[in-house]
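For reference, the structure is listed below as C-alpha cells.
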Amino acid sequence: MEKKKTKVKDIDRRIYDIKNELNYSFKTDSGLTRDIILDISREKNEPEWMRDFRLKSLEIYSQKPFPKWGADLSDLDMDNIVTYIKPNTQMKNDWNDVPEDIKNTFELLGLPQAERESLAGVGAQYDSEVVYHNIRQELVDMGVIYTDMETALRDYEDIVKEYFMKLVPPTDHKFAALHGAVWSGGSFVYVPEGVKVDIPLQSYFRLNAPGAGQFEHTLIIVEKNSYLHFIEGCSAPKYKVNNLHAGCVELFVKENATLRYSTIENWSKNMYNLNTKRAVVDKNGTIEWVSGSFGSKVSMLYPMSILRGEGARSEFTGVTFAAKGQYLDTGTKVVHAANNTTSTVNSKSISKDGGHAFYRGLLRVSKNATGCKSTVSCTSLMLDNESKSDTLPIIEIDNDNIDIGHEAKIGRISDDAIFYLMSRGISEEEAKAMIVRGFVEPITKELPLEYAVELNNLINIELEGAIG
Amino acid sequence: MFENLLTINNLKVSVGDDDKEILKGIDLKINKGEVHVIMGPNGGGKSTLAYTLMGHPKYRINDGDIIFGSTRINDMKTHLRAKMGLFLSFQYPEEIEGVTVEEFLRTAKTAVSGEQQKIIPFKKLINKKMEDLSMSEEYASRYLNVGFSGGEKKKNEILQMSILNPKLAILDETDSGLDVDAIKIVADGVNKIKNEENAFLIITHYNKLLEYIKPDFVHILLNGRIVKSGGIELANEIDEYGYEKIKNEFAS
C-alpha cells in the first residue's frame, strides 16, 4: 500500500493578518541613538529620573554582547527597527471613542466581547501606546489600580520608581537593556492587601506597524493576602521585514498572595520575540504561570520565579507550537531561595514541518534553602521527520535536603495511534489533530476559555489545513 | 439482492523492510448473516489479514483483491473503509492521552454515520451500551484506553463496535487474555449486534469464545494460507489435537 503524505497547509492567519494603514502622530527614526531616546522621553513628558534611566540603559545596551546561545539573531538588524510609534489617538476609556480601524482590529480579535462577558478590566495596546483601558468601578472602589504604564508613571510615580526594572535590571541581558532604553506602554496593576479580584484582568498587545518594535512593560504588585488573575494576549500581522518584541514583565507577589499570569503569544512569523518575564514570591505566596507560545519566527522566553519567602510556591504550565520556519526556544527558570519552597513545571511542545522547539529550563536551589520540593516534566511531540525537538533542563543544587522529580520525554506521533483512530472513520488529519489536542489537553484546561478555544482552533488549522 | 459482503481473492501481503511475504494467497467469501472464525498458530498471518483488511499502511498488497460490497478497497484509506461499514476490534488497542472515550466515540459516530451526534442523546446512547457491557459510567470520561486493564480495553472495543454498528466486524483475538466472565460479556455483545444484515470475522486461538458464539464457518490459517475450512467440528478437532496434526498434514 502506498504511503500517502498528508498535505498540511500553512496556518490561516486571516484575522491576525489584517493590516491597517499607518496612521501615527509621532514616530522615531529607525535604529537606536541617544537622540531617539531623548525624543521618546520628551514625547512622553517623563520625569527626569526616567529619562536618565533610559539613557543609562542605552549605554548598557551598547556594551552588552548578543547572547551566544539559543537562537540565531544575526538576521535581526536593530538599525532597521523603529522603536517608537505613537498611534494617532489619545488613550480612551470608552470603546466608542477608539478610532474605527483600531477598534475593528480588536473587535475581530474578540477583545470587547471578552470584556463584556468575562473580564473585570481590559487594556489594549496598539503599536507603542495603550489606546483603551477600562476597569470595573467596584474594583476601583476597593483600591485596585489597573492602568497603562504612562499613566502609572504620572499618577503613581513613587510606586513605579520603587519597583520599575528592579526585578529585571537593564544589566540582566542585552534585550533587557534595550527594553530599559525604549520601553513604551504596557500595564500597571496594583492589588491592595486582602483584596481578591475574582474575575480576570486582560491586556492585549497588537503590533501593527511593519519593521517596528514593541517594548511594553508590565508591572504587577499583589499585596499580602490578595488574589489576581491577569491575562495577556499578543498578536501582529505578517510583514516582509522583521519585527521585534522585547517586552518586560515584573511580578511582585507578597506574603500569602496568589497571582495567576496567563499569556498567549501568537505573533506573526516575522517576529523576533525576546521577552523577559520574572516573578518574585514572598512567604507562602504563589505564582502560577500559564504560557502559550505559538507565533513568531524566533522566540527566547523563560519566565522566571524567584521563591524568596519561606513556603513560597510556583507552578509553570507551558505549551509551545513550532511550525515551518519557526525556532522557539522556551522554558522556565525557578530559583528556590528559601526553605520549604515548592515548584512544579509542566511543559509540552509540538513541532511540525521543520519547526524546531527547544525546551530550556533552569532549576536552582540555594545552599541555605532546605526542605524544598520540585517536580519537572517536559514532553515533546514531533509530527514528522523534518521537525526538531530538544530538551535542556539544567539543575543546580547546593544542598542535599531536597526532593526533586524530573521527567523528560521526546516522541513522534505514532502511526499505530493514527491507524487506530482512522479505523473508526476519523480522517488522518483529524486523527492527528485529535492526538495533538489530547497531548496538550492538560495545558488547554488551564487556559482561559477563549484562549483554549484559540489553541484548539490553531491546532485544527495547522493540522487539518482549514477552519471547520 | 447482494448477499455477499466480503470477497478476498488470492490475497498476497508482505510487511517490513525486508518485504517478507506473510499472506501467500488467501481466498475467502463472507456473506451477510454469517459468522466466520479464523484459527491458527502464532505467526500464521491472522493479524496480518485483519490489519490488511482495515488498511494499515505498513502492510503491502502484492497481489489479489479485497472486495467489500461491490467495491474493490485494496487502495482505499482506512477511515473510508470504516465509513463503508468495516470494523476492527484490536488485539492491542492504542492508548490516546487527553481524549475521552465519549468525545472520541462521538467524533467516530459522527464520521461513520455522516450525522452530527448531539451531546445529550449521544450520552444516553453510550450509557446504555456501557450498561449492557457491565462497564461503569466513569469510563466514558476517562482518556481512551489510558490505564485500562487488558479486559477493560477489550470491552471498550466491543463498546465501540456496538455504537458504530458495522456491516462487517473483524475481532482480532478479542478473547485472549480475558477470564471466562469477560469472554461471556464480549460474546453477549456480539450476539446482541448480530443480525441478518451484518457479518463477523473472528480471529481466535482458543475455542472458549465459540461456546458462546456459534460460527457458521471455521478456517485454519497456516503459513499464510487457509489450509482447511469447515464447521464447528474443525474447532473441536483443534481443541482436542492442537495444531500439530494439521501442521503435519500440510508440512510440504
Side-chain angles (χ1 to χ4, degrees), chain A residues 1-7 317 319 321 346-350 377-381 384-385 407 409-447 452 455-456 459-460 463-464 468, chain B residues 13-15 50-62 66 73-90 92-100 103-114 143-146 153 157 160-161 163-164 166 169-170 172:
Chain A
M1 214 166 298
E2 184 195 355
K3 175 116 178 133
K4 299 252 170 34
K5 265 206 171 157
T6 317
K7 278 258 193 287
T317 309
V319 58
F321 194 137
N346 185 8
S347 156
K348 301 237 174 190
S349 78
I350 302 155
S377 157
C378 28
T379 43
S380 312
L381 186 64
D384 49 58
N385 293 329
E407 181 193 20
K409 260 196 299 201
I410 294 185
R412 282 183 204 287
I413 197 161
S414 139
D415 285 344
D416 285 329
I418 293 169
F419 176 66
Y420 183 61
L421 298 182
M422 285 179 77
S423 76
R424 304 306 187 236
I426 296 165
S427 73
E428 183 171 350
E429 293 76 13
E430 207 180 332
K432 280 187 182 173
M434 201 175 220
I435 292 166
V436 173
R437 279 200 307 270
F439 174 73
V440 297
E441 203 268 351
I443 315 274
T444 323
K445 68 181 183 207
E446 296 296 324
L447 291 174
L455 172 56
N456 278 337
I459 290 168
N460 293 345
L463 285 135
E464 297 181 47
Chain B
V13 175
S14 62
V15 68
Y51 275 122
T52 305
L53 290 177
M54 206 65 226
H56 194 297
K58 205 167 77 181
Y59 298 88
R60 281 180 300 278
I61 297 179
N62 301 323
I66 306 170
I73 61 166
N74 284 35
D75 298 319
M76 187 182 275
K77 285 202 165 194
T78 298
H79 69 292
L80 299 177
R81 297 180 195 213
K83 285 185 185 187
M84 286 184 75
L86 259 175
F87 180 90
L88 171 62
S89 165
F90 284 65
Y92 303 107
E94 291 286 320
E95 300 185 3
I96 314 285
E97 288 280 355
V99 179
T100 65
E103 179 195 349
F104 159 65
L105 264 178
R106 202 156 57 82
T107 308
K109 181 72 177 173
T110 298
V112 166
S113 68
Y143 293 155
L144 186 55
N145 293 323
V146 177
K153 283 181 181 172
E157 294 294 287
Q160 295 173 37
M161 180 177 76
I163 282 177
L164 298 179
I170 307 157
D172 187 9

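Each chain gets a letter, A, B and so on, in the order the sequences are listed, and its residues count up from 1.
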### Query
Without hydrogens or angle criteria, can the side chains of A:Ser423 and B:Thr78 be said to hold a donor-acceptor pair below 3.5 Å?
no
### Interface residue of largest heavy-atom contact number with chain A, from B:Leu86, B:Thr110, B:Thr107, under 4.5 Å
B:Thr107
### Message
Just to verify, what does B:Glu95 make a salt bridge (charged side-chain N to carboxylate O under 4.0 Å, His left out) with, not counting sequence neighbours?
### Response
B:Lys153
### Message
Quick check on A:Phe439 against chain B: is it the side chain, the backbone, both or neither that has a heavy atom closer than 4.5 Å?
### Response
backbone
#### Entry: Ring center gap for A:Phe419 and B:Phe90 short of 6.0 angstrom
yes
### Query
Between A:Asp416 and B:His56, does any side-chain donor sit less than 3.5 Å from a side-chain acceptor?
yes
### Message
Between B:Leu105 and chain A, with a heavy-atom cut-off of 4.5 Å, which part of the residue counts as in contact: side chain, backbone, both or neither?
### Response
neither
### Task
Heavy atoms only, distances under 4.5 angstrom: which of B:Val112, B:Val99, B:Leu80, B:Thr100 has the most pairs with chain A? Name it, please.
B:Val99
### Summary
Cut-off 4.5 Å, heavy atoms of chain A, and the answer for B:Tyr143 is side chain
#### Entry: B:Pro166 portion near chain A, given a 4.5 angstrom heavy-atom threshold
neither
### Message
Is A:Thr444 close to chain B through its backbone or its side chain, or both, or neither, when contacts mean heavy atoms under 4.5 Å?
### Response
neither
### Message
Could you work out, with salt bridge (charged side-chain N to carboxylate O under 4.0 Å, His left out) as the rule, every residue matching A:Glu446, not counting sequence neighbours?
### Response
A:Arg260
### Residue pair B:Asn145 / A:Tyr420, side-chain donor-acceptor N/O under 3.5 Å
yes
